[in-house]
Each structure stands twice: as C-alpha cells, then as structure tokens.
Amino acid sequence: MATDIHTLEQRYFDSCRRHDVLPNPAILSGFFKADVRKSQNEPCTLEIILEYLKDIDFQPLLEVCMQIGATEIEAVDVRSGTSCMLTGEFALSLMHAIDQKLRVVDLHDSSFGKDFIRNISQRGLMCEVLNLRSSRFRKLNMIGEFKRIHTLNLDYSTSLTSFKEDCFSCMPNLICLSMCETRVGNLWTTIAALSKLPSLAELRFQNWLCCDDTGNSSGSSDQDDKTDFSQLTICSSFGAYGNVVINPDSQILVEDSSDDSEVDFSSQHREYDYLELLSNLVPQLDGEIDLWNEVSFDAFSNQNEEESSAGVLARCTADVSLKYISCHASPICFEKHYRDYMIASLPKLKFLDNLPIRKVDRERATITYSQYFEHLPYGRKHKESVVSILQQREIKASQTRGKTSRHKTSYPSGMSQYFYTRSLCAAKVGSSAWPCLHTLTVSGNHMGDENRSFRPRQFEYHPSISCLMVFGTLDGEIVVVNHENENIVSYIPSFGAMNSVLGLCWLKKYPSKLIAGSDNGSLKLYDIRHMPPSIRGMHYGAGTVTFDEFDQLTSVHVNSTDELFLASGYSKNIALYDINSGRRLQVFADMHKEHINVVKFSNHSPSIFATSSFDQDVKLWDLRQKPIQPCYTASSSKGNVMVCFSPDDHYLLVSAVDNEVTFETINYMS
C-alpha cells in the first residue's frame, strides 16, 4: 500500500531531528498543498521550490525524495528562480533521487551556473518537461538520458547558436521543442539535429501573435514572458502549445501579446512596419491578409498578379480582419523559405511557431523544397560519406594535374564549380541550397524613363526581408529593388552635386528605414515608404532625417538596437550619431595609425564595434569603456579591407589587400 502524505511528512520531521535541522517552511507548504489537491480529487503533486532551500536543508529532503516512489504522490515539480542558495550539486542529487515521479523541472540558468547545466546535459534527467529558459548554452549537446521528456523549452537562451548533430538522439519521446529568441540561424545544421527526434510534433522558433485592425493584440504583454510551458497539453485531436490553443477546426485563439518593451520612434509597433512595407512591395494586397501568406514572407514576393487576387487575399473568419505579428524570433526565422523548408524536412511536424500545419502547407512546402533545395545532389540515390567525397576530389585533382591514378571517378567530367560544395553539404547535414546565380538587371522602365541606367557602387541586402536590396550609385542615387523580380520598390535621386554613395545600412527593428552616406560627407536617414519608384510629383522631405556631415565618408553601420550608428572614412577618426535625436554625439580620434576602411557594430551587443584599417590592424571597441584602448586587436600582413561579425558575435571575419582572409576568435565579449 502506498505511503500517504501525512506519513511522508512525519518522516521528514524525523529526518530533520536526526540531522539537527529545523523543518523548512517551504517544504512543509509543499506537503500541505499536495494534501489539499488530493482532497479535491486533483492530481497529487508535490512542488519543490529550490530558491527557498539552503544546503542545510539538503540531507533531510534527500531522504524524503528517495522514498517518494512508494508514496501516493503522483508527480513532483521542481522549480527555481533567478537566485538560489542551494548548491547546484545538491539540487541535481534531489532531482535524481525523485527518479520516475519527476514531472516538471523549471530552472533558471543563472541560479546555479554553467557547470550545473552542463551536468544535466551529460547525465540527463527523468523528467517529462524540462524548462531551461535563458540558459547559457553555446552549442547544444544533450547526451544524457532523457527518455521520458516530451517538452523542452530553451527560450531566451541568447548564447545558443548551433547543435551537435546527435544532441537530440537521447530524446525519443520529445514532442514539443521551443527555442524562441536564441541565436540559432542555420537551416541545415538545425534540421540535421532535429531529424533525430522521431516524435517531434510541435516546434517553435518564434511566437506568432494575433491582433485586429485596431492594432490590439489578444492578451497582455505580461503574459508572454510568463508562459508556463509546463502546462502544455498534448493529444491527437487538439493541442495547446504554450499560449496557443488549436481546436479540431484549426481555428486559432492567441491568449498573449507582444513585448511592449520595444521602443518605436515611428509611433507604431515595429511588426506593423513589416506589414506596411510588404504591402508596398505587393500593391495588390489592399484587402485582408491571409494568415498563411503573411507567415511566409516569401509568398508575398513570389506572387504574380493573378495569384495575388486569387490566392493571397482571403477573409478571416472573424468580423474584422486579423493580422499576425512575430515576437521573440530567432535568426533562423528570417532565412529564406524557412517555414517551407522546416515543414518539408520534418514530415511528422504538426505545429510550427504556434501555427498548425495544414495539408495545403505541406503541398506548398514540397514544391518550394524541390524548387530551391536538394536532398542529394545530381539525382543520387544514396547519401555518400564525407571521406568518400574528399577522396574523389583528391583523385580528380590529381588527374587534372596530369598524374595517373588507378581509381576511376564515377562523376561526370564536366563538373561545375559547386560540385564538391553541394556534395559535402549533402553528406554532412543531409541537404543543401541549390546554387542560384543570375545577373540583376535594373532599368528605368518602372520609373517611366526607358533610357535611364544605373552605375551601382555599394549595395546592402535587407536583414529580414530576403527579396529586398538597396544599392547606391556613383551618381548619388539610392535604389531599393526587389532582386527576385527586378522591380524598383523605391528611388531616391541625387540632390545637388553628384557624389558616390559609399555607405548603406538598413535598420533592423524598423525595416522601412535605412542610413545612407556619400563621399562628400552627406548622411541621411530615409524611410522608403515615402520614396516611391517614380520621381514624378513627389516631395522627398517626408521621412528623411539629415545628420551632421562626416568628411570623406566610406562606411556607416547601425547598432543592434537601432539607437546609434557609426561613420568612418579616409581618416583615423570615427563619429558616433544618435538616430532618435539626429545629433552627432562624439568623434573618436586617432583610433588607428592609418585611415579606417570599415566600422561594424556587433549583431547583438549595442555597444561593441570593430574597425579595420590599412595600418594592418583590426580592433574591437566598447562604447561603455570610452574607446581609448581597444578590447581586442589582431593584425594582418597587409592593410585590412573588410571586417564583419559572425552571426553569434563569437568571431570576426577579416579580409586584407593581399588576398588574406582570417577568421578571428573574439576572446572579449560582454
């Protein structure tokens, strides 16, 4: 017969007397609440709050936890806050002692530190739900025993960039996985890891939230950050995924909202800028927007006029049209064809980013995958090993040099320059993107001037809308184009003397805005919503901000929060500007021995930036430390041309004038 709660509580008192320890009020409260649940015919669960425990409480509680398997307690939930005085090793011992009745483990990484999380990854847990939000994983490698886990939450783990290929192979029953606001950005390595999850049905890299025409989203902003992932319900006919409930008719009810903490100097939520900008890209979209086409931004840019009227526009079932906005998105969500690629690569997936996957979504995903991706290159039937491909490459290379070889290659003689790249990608991660190269031809036909041609000097892809690109010309013009259909979206003519546009940078949170700088020192912020593709009869002052000039400008770059930008040029100085006020805040002098070619902010830290100079040095700086001395310096054999941060900010890619390309590991990072 199972031991009742009162007997277990008495054993806890006895253990405290043996160890000369006072009973912990939080533990006693847990027993009381479990008894109340039992009396109300609810599941008899015991909740242990680690932040209320000290090391002195460990031994009596451990003895109780080792006996829970033979008691009437059905499940144990273990939770911790942001601070905890209990040693991480003790906390882990308690969870292992509970064993099969451990249900929910809700931990905050900062409570116990990196070693504690690493021990969980290597040793595993018997819990059903594991919440590791805000963890400091860099490359996920969960190799321990996680046989019972069905839900894993890694939201807000802002150091997480990638996965070991086999990191999920120990989770055969994992159904739900959430990774919102991480730094995961690679489609192929992510799918290679996720494909090891045979039961995965619900996946989330972002939150899609619903709002009506008034701009009101369904719920409060406070709820979003407090989503209780442990209360997830899984069943065959309907499911609740975090904060989204899906019924059998696939109607969606969203119960939370976006994060109100984001600042927007346009007086609108930043997500609406996407909708407004996309409506400019596809002018036919003047009615209600279908959820499924808004989820996949690629669908907007690829629709022709017939498809726009028949396939893109659809009325929502509510009395007012609904719009869906993305919150807490990881970088992978902005990869081209992200949604279709995920759906096609994970055939058992039922929900992606809170949205159900319908039959029509799978059909479209299959078409998109076959058009833009390949599982095995060149129509091969079987996957090859990396070693085999490398051997074939060496054999081919030796034959090209005129050396004899006894081995015969099975590959065609006329191989393209992408042959081995595609083969290695398929061998390593299971698929690769089709190489797609074509000449971009942009003329003045859409502007009513068939004879107009452009002389591009600088270009910049849009960071989140994959079909957009802006280029500046030698004549001082700025042209925003949809490079997929070669249509001009916005055109900004040159005013005054003709000067080359050398600096361009999109804002990240406000996707219709960009900073442009010319070699005469001119610096302006433009809003392309006010810059149509035709120049006739338009006033170009709207949406434009002019900044103090920076002489002999060559480079501009905006920080991750869209609050500041830097300008460099043919000098040893750089200038810092405030975007909101339009003022130049400071000029930092003599940062290099020769002129600075490029300045770049990091992708995630708004105060960290790098400079590359022809004095052969690349330097890392921090605005919080008044950039007098660099935080990090690396040197090339000759002058440096370009520098940029890796997507996770852990590396710098540097190129020099002697064809030298260096990948530098950054040892300093806030």
- Closest contact, heavy atoms only, Met179 versus Leu194: CE-CD2, 4.5 Å
- Counting only N and O atoms by type, is there a donor-acceptor contact under 3.5 Å from the side chain of Glu74 to the main-chain atoms of Cys44? yes
- Drop me the distance from Leu102's CG to Leu125's CG, to the nearest 0.5 angstrom. 6.5 Å
- Task: Might you work through the side-chain hydrogen bond (donor to acceptor under 3.5 Å, both in side chains) test for Arg138 and Ser159, ending with a clear yes or no?
- Result: CA-CA 5 Å; Arg138 182 169 171 179; Ser159 296; over 6 Å; no
- Item | salt bridge (Lys or Arg N to Asp or Glu O under 4.0 Å) between Asp166 and Lys164, intermediate numbers included | CA-CA 6 Å; Asp166 297 323; Lys164 292 282 188 179; over 6 Å; no
- Message: Applying side-chain contact (heavy atoms from CB on, under 4.5 Å) to Val105 and Asn131, what does each step give before you reach the verdict?
- Response: CA-CA 6 Å; Val105 175; Asn131 186 343; over 6 Å; no
- Query: Which atom names give the shortest non-hydrogen contact between Pro647 and Asn603, and what distance separates them?
  - Reply: CA-ND2, 3.7 Å
- Query: Is the CZ atom of Phe90 crowded by more than 12 outside heavy atoms at less than 6.0 Å?
  - Reply: yes
- Task: To the nearest 0.5 angstrom, please state how far the CZ atom of Arg358 sits from the CD atom of Glu363.
- Result: 10.5 Å
- Task: Using atom types as modelled and distance alone, determine if a side-chain donor or acceptor of Ser15 lies under 3.5 Å from a backbone N or O of Tyr12.
- Result: no
- Out of curiosity, Ile48 CD1 to Cys65 SG, how far, rounded to the nearest 0.5 Å? 4.0 Å
- Query: Could you go step by step and tell me if Glu89 and Phe116 meet the side-chain contact (heavy atoms from CB on, under 4.5 Å) rule?
  - Reply: CA-CA 7 Å; Glu89 184 180 350; Phe116 175 77; over 6 Å; no
- Decide yes or no for Ser93 and Phe58: does some side-chain heavy atom of the first lie under 4.5 Å from some side-chain heavy atom of the second? yes
- Task: Apply side-chain contact (heavy atoms from CB on, under 4.5 Å) to Val76 and Val78, showing your working.
- Result: CA-CA 7 Å; Val76 179; Val78 178; 4.3 Å; yes
- Is the backbone of Asp648 close enough, under 3.5 Å, to the side chain of Arg183 for a donor and an acceptor to pair up by distance? yes
- Query: Around atom CE of Met66, are there more than 12 heavy atoms of other residues, nucleotides or ligands at under 6.0 Å?
  - Reply: no
- Report the distance from atom CG of Leu86 to atom CG of Leu94, rounding to the nearest 0.5 Å. 6.5 Å
- Can you tell which of Ile357, Asp353, Leu352 makes a side-chain contact (heavy atoms from CB on, under 4.5 Å) with Leu203? Leu352
- Start with the C-alpha gap between Glu128 and Arg103, add the side-chain angles, then the distance that decides, and say whether salt bridge (Lys or Arg N to Asp or Glu O under 4.0 Å) holds. CA-CA 5 Å; Glu128 298 177 9; Arg103 186 183 66 167; 5.9 Å; no
- What pair of heavy atoms forms the shortest contact from Phe334 to Ser464, and how long is it? CD2-CB, 3.6 Å
- Message: Measuring only between side-chain heavy atoms, which start at C-beta, is Leu160 closer than 4.5 Å to Leu154?
- Response: yes
- Query: Only one of Arg18, Arg11, Arg17 forms a salt bridge (Lys or Arg N to Asp or Glu O under 4.0 Å) with Asp14, so which one is it?
  - Reply: Arg17
- Test item: Phe31 and Leu46 side chains (from C-beta on) under 4.5 Å apart, heavy atoms: yes
- For the student: nearest non-hydrogen atoms of Thr182 and Pro331, plus distance: O-CD, 3.1 Å
- Item | Polar side-chain atom of Ser370 near backbone of Ile367 as donor-acceptor pair, under 3.5 Å | yes
- Query: Does a side-chain heavy-atom distance below 4.5 Å link Asp106 with Asp77?
  - Reply: no
- Message: Tell me the closest heavy-atom pair linking Leu132 and Ser157, and the distance in Å.
- Response: O-OG, 3.6 Å
- Query: Taking the side chain as C-beta and beyond, is there a heavy-atom pair between Phe32 and Val36 under 4.5 Å?
  - Reply: yes
- Message: Please check: side-chain N/O of Asp57 versus main-chain N/O of Asn24, any donor-acceptor pairing under 3.5 Å?
- Response: no
- Message: Check whether Thr45 reaches the backbone of Ala75 with its side chain - one donor and one acceptor, N or O, closer than 3.5 Å.
- Response: no
- Item | Note, Asn141 side chain near Phe163 side chain (heavy atom, < 4.5 Å) | no
- Message: Strictly distance-based, threshold 3.5 Å: is any side-chain N or O of Lys101 a donor or acceptor partner for the main-chain N or O of Ile68?
- Response: yes
- Task: Apply salt bridge (Lys or Arg N to Asp or Glu O under 4.0 Å) to the pair Arg204 and Asp155, showing each step before the final yes or no.
- Result: CA-CA 9 Å; Arg204 185 170 69 181; Asp155 289 348; 3.3 Å; yes
- Message: Could you check whether atom CD1 of Ile56 has more than 12 heavy atoms from other residues, nucleotides or ligands sitting under 6.0 Å from it?
- Response: no
- Item | Check ion pair Glu72-Lys38 (N to O, under 4.0 angstrom) | yes
- Task: Describe, in one word, how the ring planes of His328 and Tyr156 are oriented to each other, choosing from parallel (under 30°), tilted (30 to 60°) and perpendicular (over 60°).
- Result: perpendicular
- Calculate, to the nearest 0.5 Å, the distance between atoms CD1 and OG1 belonging to Ile73 and Thr3 respectively. 10.0 Å
- Message: How long is the straight-line distance from OG of Ser326 back to CH2 of Trp208, given to the nearest 0.5 Å?
- Response: 5.0 Å
- Classify the angle between the aromatic ring planes of Trp188 and Tyr341 as parallel (below 30°), tilted (30 to 60°) or perpendicular (above 60°). perpendicular
- Note on the structure: When every non-hydrogen atom of Leu152 is compared with those of Phe168, the smallest separation belongs to CD2-CE2, 4.1 Å
- Any side-chain heavy-atom pair of His604 and Ser560 under 4.5 Å: no
- Item | Listed once per pair and sorted, the salt bridge (charged side-chain N to carboxylate O under 4.0 Å, His left out) pairs that draw on residues 41-56, sequence neighbours left out | Glu47-Arg79
- Message: Is there a side-chain contact (heavy atoms from CB on, under 4.5 Å) between Tyr338 and Leu187? Walk through the geometry before answering.
- Response: CA-CA 7 Å; Tyr338 152 75; Leu187 283 173; 4.0 Å; yes
- Would you say the side-chain atoms of Asn173 pair up with the backbone N or O of Lys147, donor to acceptor, closer than 3.5 Å? yes
- Message: What I'd like to find out is whether the side chain of Leu61 reaches to under 4.5 Å of the side chain of Ile27, using heavy atoms alone.
- Response: yes
- Kindly determine whether Asp4 and His6 satisfy side-chain hydrogen bond (donor to acceptor under 3.5 Å, both in side chains), including the steps that lead there. CA-CA 6 Å; Asp4 61 33; His6 292 292; over 6 Å; no
- Taking Ser121 for its side chain and Met142 for its backbone only, find out whether a donor-acceptor pair lies under 3.5 Å. no
